[in-house]
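Whatever order the structure lists ligands and atoms in, that order sets their numbers, starting from 1.
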Amino acid sequence: MDTIVMKFGGSSVADNERLKLVANKIIDMYNKDKNIVVVLSAQGKTTDNLISEALELSKNTKDREMDMLLSSGEQISIAKLSILLNEMGYKSISLTGWQAGILTSNTNQNAIIKNIDTTRILKELEDRKIVIIAGFQGFNENLDITTLGRGGSDTSAVAIAAALNAKECYIFSDVDGVYTADPNKIENAKKLSALSYSEMMEISSEGAKVLHNRCAEIGDKFKIPIITKSTFNNKAGTIITDIIEENTIKSIVKKDVSRVSIIGNGIIRNVDFIKGIIDIVTEYKLEMLEFNVSESKISIDFKNLIDKEILERFHSIIL
Ligand code: ASP
Ligand code: MG
C-alpha cells in the first residue's frame, strides 16, 4: 500500500471548522487505500503569540525553554485532529516529534533532522491508523525537545516522507501553489504547475516564504515529489519534482533590499531573456551593484529602489 504524507499549515487548522475540512480531505485519501501520515503546524497565530508572551517575561529567553514552549502549539493541533478523526469513526493517533522518532542536532531553535526511527509510525500504520505527527519538532541526544526554525513543519513533512519512502508529500496551505512572483505584490503573477527541486531551493533561499528552505533539498536528495496545494479549493497545485525542460524562466523574487532574483533551469543560456533584462536596466537607468549568475538563477543587486512598476516589467519578460 502506498504511503502519502499530508502536511497542513497553521491557517488550515486554525479552528474547529477548518479542522473538519482537513479531516475530510484526509479521509478521502485514506479511503483510496493509502497509508496516511499527517503532519501539522500549530493553529493560526499560536506560535507568534507564544513568542510574544515569552518576550513579555524575559528579553533573554533560553533557546531550550523556547523550544519547550513553542513545540506545545503543534501538540495542541495534532491532539485535536486525532480527537476529531476518532469521533468521525476513523482510527487515528497523534505523535509528538520524539514519539515519532525524529532525532535532531542539538541546536535548539534551529535544529536539523539527523535521523527518523520509523518503528512506531510503521506499527501504527500497520493497524490502519491515520498517524498524525507534530511538525517543527524533534528531540536531541540529551532527550530535550528541539524545533527546526520558523516554518519548519514543511521540512518535518518531507523528511518523514523520505524516511517512509512515501509516494508523495502534499503541503496544504492557504495558497494555491508556487507563483511566478508574489501574487500579493504582482497582480498578474501566474501559478506554476511544475518546478524542479533546484529551482525551488533557489526560490526559498531568495526569501520567498513558500516552503521552508531545507524542504526542497531533502525532497531532491530522496526523490520525494512535493505537491503544494490549497486546503480551501480543489485546484491543481504546484508539483516540485525532478522533471523540467530547460530554458523556461519560472520565477521572480524581490528581497527587501533592491535585489531581484530570476529563477529557472538553464537561465544562463537564455539569450533573449538576458537581453530583456538589459533592456529594462537601460530603460530605467538602473545601476547594478552586483550581478550573480548560476545555472538556474540570475540575481542582481541594484543601487536604485526597485518599485512595483519596475518589478512588473521584470515579471512581464518571464510570462
Ligand atoms: N508553528 C511553527 C511556526 O509558526 C512551525 C510551522 O508552522 O511550520 O513557525
Ligand atoms: Mg509554513
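Each salt bridge (charged side-chain N to carboxylate O under 4.0 Å, His left out) pair with one or both residues in residues 302-314, not counting sequence neighbours, appears once here: Glu187-Lys308, Glu283-Arg313, Glu287-Lys303, Lys308-Glu312.
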Present, as a list of atom pairs with distances to 0.1 Å, all nitrogen or oxygen contacts under 3.5 Å between ligand 1 and the protein.
residue: ligand 1; atom: 1 (N); partner: Thr47; partner atom: OG1; Å: 2.8
residue: ligand 1; atom: 1 (N); partner: Glu74; partner atom: OE2; Å: 2.7
residue: ligand 1; atom: 4 (O); partner: Thr47; partner atom: OG1; Å: 3.3
residue: ligand 1; atom: 4 (O); partner: Arg150; partner atom: NH2; Å: 3.0
residue: ligand 1; atom: 7 (O); partner: Ser41; partner atom: OG; Å: 3.0
residue: ligand 1; atom: 8 (O); partner: Gly151; partner atom: O; Å: 3.4
residue: ligand 1; atom: 8 (O); partner: Gly152; partner atom: N; Å: 3.4
residue: ligand 1; atom: 8 (O); partner: Ser153; partner atom: N; Å: 3.0
residue: ligand 1; atom: 8 (O); partner: Ser153; partner atom: OG; Å: 2.4
residue: ligand 1; atom: 9 (O); partner: Arg150; partner atom: NE; Å: 2.7
residue: ligand 1; atom: 9 (O); partner: Gly151; partner atom: N; Å: 2.8

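The aromatic rings of Tyr90 and Tyr30 sit perpendicular to each other, their planes meeting at more than 60°, with 30° as the lower class boundary.
A single hydrophobic cluster is seen to contain both Phe136 and Leu50, as judged by linkage of ILVMFWY side chains at heavy-atom distances under 4.5 Å, directly or through other members.
No salt bridge links Asp28 with Lys34; every basic N to acidic carboxylate O contact stays at or beyond 4.0 Å.
Heavy atoms of other residues, nucleotides or ligands lying less than 6.0 angstrom from NZ of Lys275 number 12 at most.
Side-chain contact annotation: Asp2 with Asn35, donor-acceptor N/O pair under 3.5 Å absent.
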